[in-house]
Amino acid sequence: MLARYDARFTPAFRKALTDTSNSVRVQAATALARIENDFLNQLMRLLQVQKLHPEDPAVLAALAEHYDAYAFTGILDADRERTN
C-alpha cells in the first residue's frame with residue numbers, strides 16, 4: 001500500500017474520517033492504519049540493515065529519506081511530523 005500512497009490523498013482521508021457514515025470513517029481509518037503500518041515495517045527493515053552497516057552512507061540516506069517521506073505524508077500530527 002505504501003508504494004501507492006500519495007500525500008495528495010490526505011485531504012480526502014481527513015474528510016472521510018469525519019464523514020457521517022460509519023462505514024466511510026472505518027474504511028478511511030483502516031487505510032490510514034495500513035499506511036502507517038507499512039511505514040513502520042519499512043522503518044524496521046531499514047533499522048536492521050543499519051545495524052549491519054552502521055556507517056554506510058547509502059543506508060543512512062535511505063533512513064533519512066524514509067523519515068522525510070513519513071513526515072510529509074500529511075497524516076501525522078504536528079509533533080510527529082517534527083519528530084520525523
Side-chain angles (χ1 to χ4, degrees):
M1 181 163 220
L2 184 58
R4 297 181 305 227
Y5 179 73
D6 187 317
R8 293 177 290 184
F9 298 151
T10 302
F13 280 125
R14 290 196 186 278
K15 184 174 181 181
L17 288 171
T18 62
D19 196 274
T20 56
S21 170
N22 288 342
S23 63
V24 172
R25 289 193 311 270
V26 168
Q27 288 176 351
T30 300
L32 288 173
R34 285 182 180 170
I35 291 165
E36 288 202 70
N37 189 50
D38 287 350
F39 269 103
L40 179 61
N41 286 335
Q42 178 64 17
L43 176 61
M44 295 297 117
R45 286 189 290 272
L46 288 169
L47 290 173
Q48 287 297 330
V49 173
Q50 183 190 30
K51 282 183 181 180
L52 298 172
H53 309 281
E55 301 298 322
D56 187 334
V59 174
L60 296 175
L63 270 167
E65 288 174 13
H66 182 75
Y67 279 117
D68 190 60
Y70 191 37
F72 290 103
T73 58
I75 62 175
L76 303 177
D77 60 47
D79 288 338
R80 288 177 65 201
E81 274 185 12
R82 266 191 306 281
T83 300
N84 280 284

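For the numbers below, each heavy atom of this structure counts, side chains included, while hydrogens, waters and symmetry mates do not. Quick note: residue numbers are just sequence positions, from 1.
- By the salt bridge (Lys or Arg N to Asp or Glu O under 4.0 Å) test, D68 is found to be paired with no residue, residues two or more places apart in sequence or in another chain being considered.
- Evaluation of the salt bridge (charged side-chain N to carboxylate O under 4.0 Å, His left out) test over residues 7-30, restricted to residues two or more places apart or in two chains, returns D6-R8.
- Connectivity analysis of hydrophobic side chains (ILVMFWY, heavy atoms under 4.5 Å, direct or indirect) links L52 to nothing; its cluster partners are none.
- Under the 4.5 Å side-chain contact rule for hydrophobic residues, I75 and Y67 do not share a cluster.
- Atom OG1 of residue T10 and atom CG of residue L76 lie 9.0 Å apart, to the nearest 0.5 angstrom.
- Using a 4.5 Å cut-off between side-chain heavy atoms of Ile, Leu, Val, Met, Phe, Trp and Tyr, with links allowed through other members, L17 and I35 fall into the same hydrophobic cluster.
- Within the structure, side-chain hydrogen bond (donor to acceptor under 3.5 Å, both in side chains) pairs that include any residue of residues 52-61 do not occur (at least two apart or interchain).
- Between V49 and L63, every side-chain heavy-atom pair lies at or beyond the 4.5 Å cut-off.
- In terms of the salt bridge (Lys or Arg N to Asp or Glu O under 4.0 Å) criterion, residue partners of R80 (sequence neighbours excluded) are, by chain and number, E36.
- To the nearest 0.5 Å, the span separating CD on Q42 from CG on L47 amounts to 10.0 Å.
- Annotation: side-chain contact (heavy atoms from CB on, under 4.5 Å) contacts of L60 (sequence neighbours excluded): Q50.
- To the nearest 0.5 angstrom, T73 atom OG1 is 13.0 Å from F9 atom CZ.
- In this model, no donor atom of one side chain and acceptor atom of the other lie less than 3.5 Å apart for R45 and Q48.
- The cluster map of Ile, Leu, Val, Met, Phe, Trp and Tyr, joined by side-chain heavy atoms under 4.5 Å apart, puts L32 and V26 in different clusters.
- Classification of the Y70-H66 ring pair by plane angle, with boundaries at 30° and 60°, yields parallel.
- With hydrophobic clusters built from ILVMFWY side chains whose heavy atoms lie under 4.5 angstrom apart, L46 does not share a cluster with F39.
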